[in-house]
There are 2 protein chains.
Amino acid sequence: MATKTRDKPETVEADSATRERILLEAARLFRHHGYAATTLREVADAAGIKAGSIYYHFESKDQILGEVLDKGILAVIDAVQQRVNSLPAKATARQRVAAAIEGHLWGLLHHGDFTSANIRVYGQIPPAAKNRHRKIRREYADYWDRLLEDALQRGELRPDTSTAIIRLFVIGALNWTVEWYNPQKGSFQDFVKQITSIVFDGTFLRERG
Amino acid sequence: MATKTRDKPETVEADSATRERILLEAARLFRHHGYAATTLREVADAAGIKAGSIYYHFESKDQILGEVLDKGILAVIDAVQQRVNSLPAKATARQRVAAAIEGHLWGLLHHGDFTSANIRVYGQIPPAAKNRHRKIRREYADYWDRLLEDALQRGELRPDTSTAIIRLFVIGALNWTVEWYNPQKGSFQDFVKQITSIVFDGTFLRERG
DNA sequence: CATGTTCTCGAACATACGTTAGTTAGAGGG
DNA sequence: CCCTCTAACTAACGTATGTTCGAGAACATG
């Protein structure tokens with residue numbers, strides 16, 4: 001056995017734990033090496049099994065990729081909707097968007113391997129796998145557009161730029177934080193506050209007018 | 001495009017044109033399929049030659065990657081410095097940063113295949129290739145930090161957030177535009193104006209204070 | 001025409017990959 | 001004790017990849 005000397009008879013109880021382990025390690029490797037550069041033998045090694053055993057849990061490498069991508073975006077969507085929905089009905093648009101930003105950042109940064117793999121790899125997968133994800137991405141984009149349109153109608157959003165561009169800019173900026181966010185430099189809550197403030201009010205002091 | 005259909009015997013006169021062609025097609029393929037997923041046979045095909053011929057111009061696939069990455073970041077740095085340097089000495093910090101933003105976007109979007117390949121692939125290459133590029137990235141980051149520190153000392157930048165976070169946020173947001181910018185929807189100059197305005201003043205109208 | 005250089009080709013090689021197949025070992029129920 | 005299910009293993013197959021190499025075409029120069 002090539003594994004790390006686990007002599008305790010705990011072979012069972014590993015219901016689908018191995019499956020989760022494979023997904024976790026695959027996400028980590030996809031994130032850091034890319035999809036094509038990651039071999040199933042590496043994934044198996046990281047998960048403490050042999051390559052052939054992966055096929056007991058998954059049908060193909062592509063299927064693993066699909067599940068990793070799903071986990072990434074679903075974690076974000078879930079966190080966003082949870083926070084926005086728990087707001088009182090009388091919340092301002094600014095508060096609702098702030099909740100969405102916090103949710104997006106939380107989902108993004110607390111499932112870094114899955115979300116980063118999603119972001120990095122999405123542009124590089126065959127159209128077949130892409131189409132399945134385009135729909136859910138589209139829905140998430142529409143969700144943001146509704147938030148922003150609402151803000152616009154309430155007169156809180158700047159009216160000189162389309163909500164589509166604002167959404168693309170904001171989500172893009174947020175997504176990128178997964179590449180440089182360092183949890184050891186300050187708390188997550190502080191980080192969210194800073195990012196939200198920049199998104200809302202910009203980086204420069206307002207020009208004298 | 002890739003299919004030029006030049007039936008004339010113009011095999012020669014391709015001094016180093018073939019070399020450039022290889023780099024261009026490699027960048028395009030790296031961008032859309034990733035590094036490992038791109039085969040030299042695909043690159044050769046797109047460049048109108050056979051796979052073996054690539055080795056007359058390059059030593060290895062890694063070398064091609066290195067040159068593609070270089071071209072990407074150098075195009076951006078060049079465009080930024082050109083615009084900032086052509087500003088009058090009495091320019092405000094805001095004007096200087098605006099020039100940097102425009103330069104960054106211009107280099108980014110006008111060499112999309114090289115810059116996007118750089119952005120997408122950088123996180124996934126072996127440390128050996130990474131180290132060579134870390135230095136130049138570090139210098140570019142320092143350049144931005146000086147611009148922002150200058151703005152801070154002049155009292156133009158918001159003082160409640162570190163220049164490092166502002167830089168990471170702004171450059172990240174700008175970099176992401178290469179994934180969604182559509183040159184058919186409005187002019188480049190309009191796009192720059194909108195992005196710059198969002199970066200400076202944010203997405204929401206200022207809160208009553 | 002002869003010669004040298006530049007550039008490309010075609011075929012091959014060793015390796016590594018995703019995947020398949022056959023087998024083994026333990027657990028639990030009858 | 002037998003049977004079945006689960007979960008893993010080992011070994012192999014076919015293919016594709018990066019790379020090498022010798023041969024030859026196209027052109028420039030003499």
Side-chain angles (χ1 to χ4, degrees), chain A residues 1-27 29-30 33-68 121 124-126 128-129, chain B residues 2 4 6-27 29-30 32-68 121 124-126 128-129:
Chain A
M1 57 183 74
T3 57
K4 269 301 174 188
T5 65
R6 290 262 242 150
D7 286 345
K8 286 205 301 182
E10 44 96 42
T11 358
V12 180
E13 158 254 51
D15 227 2
S16 62
T18 302
R19 210 187 126 93
E20 293 303 308
R21 187 89 179 275
I22 292 171
L23 284 174
L24 203 89
E25 299 295 343
L29 288 163
F30 290 168
H33 302 335
Y35 176 59
T38 299
T39 72
L40 290 183
R41 287 168 176 84
E42 284 172 341
V43 174
D45 231 45
I49 57 175
K50 297 295 176 183
S53 309
I54 289 181
Y55 285 81
Y56 179 79
H57 302 278
F58 298 92
E59 289 181 5
S60 67
K61 189 185 181 187
D62 275 350
Q63 195 201 350
I64 297 177
L65 173 66
E67 297 206 17
V68 166
V121 159
Q124 308 178 344
I125 56 180
Chain B
K4 254 257 186 89
R6 293 256 244 145
D7 287 344
K8 289 204 300 183
E10 42 96 39
T11 358
V12 181
E13 158 254 46
D15 222 4
S16 63
T18 301
R19 210 187 125 92
E20 293 301 309
R21 190 89 175 274
I22 292 170
L23 285 174
L24 204 88
E25 299 295 344
L29 289 163
F30 290 168
H32 293 295
H33 303 335
Y35 175 60
T38 299
T39 71
L40 289 182
R41 285 167 177 85
E42 284 173 342
V43 174
D45 232 44
I49 58 175
K50 298 294 176 183
S53 309
I54 289 181
Y55 284 81
Y56 179 80
H57 302 279
F58 298 92
E59 290 180 5
S60 66
K61 190 186 179 186
D62 276 349
Q63 194 201 352
I64 298 177
L65 174 65
E67 296 206 17
V68 166
V121 160
Q124 309 178 344
I125 56 179

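So that the names make sense, note that chain A is the first sequence line, chain B the second, and so on, each numbered from 1.
Going from atom CZ of A:Arg19 over to atom P of D:dA8 covers 12 Å, rounded to whole Å. Regarding A:Ile54, its CD1 atom lies at a distance of 9 Å from the P atom of C:dG18, rounded to whole Å. Following rounding to the nearest Å, A:His33 (NE2) and C:dC17 (P) show an atom-to-atom distance of 12 Å. D:dA7 atom P lies 13 Å from atom CZ of A:Phe58, rounded to whole Å. Between the NZ atom of B:Lys50 and the P atom of D:dA25 there is a distance of 17 Å, rounded to whole Å.
The salt bridge (Lys or Arg N to Asp or Glu O under 4.0 Å) contacts involving residues 47-68 of chain B comprise B:Arg19-B:Glu67, where partners must be two or more places apart or lie in separate chains.
Remark: A:Glu42 pairs with no residue by the salt bridge (charged side-chain N to carboxylate O under 4.0 Å, His left out) rule, at least two apart or across chains. Take B:Ala129 and apply the side chain to side chain contact (heavy atoms under 4.5 Å, CB included) test, not counting sequence neighbours, and it matches B:Ile125. For A:Asp45, there are no side chain to side chain contact (heavy atoms under 4.5 Å, CB included) partners, not counting sequence neighbours. Residues satisfying the side chain to side chain contact (heavy atoms under 4.5 Å, CB included) test with A:Leu24, not counting sequence neighbours, are A:Phe114.
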Task: Per-nucleotide protein contact string for nucleotides 14-21 of chain D (B base, S sugar-phosphate only, - none; heavy atom under 4.0 Å) - done: ---BBBB-

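Look at B:Tyr56 and you'll find a side-chain N or O under 4.0 angstrom from OP1 or OP2 of C:dC7. Side-chain nitrogen and oxygen atoms of B:His57 include at least one within less than 4.0 Å of the OP1 or OP2 phosphate oxygen of C:dT8. For D:dA7, the OP1/OP2 oxygens have no side-chain nitrogen or oxygen of A:Thr18 closer than 4.0 Å.
Closest non-hydrogen pair, B:Thr38 versus B:Val43, comes out as CG2-CG2, 3.7 Å.
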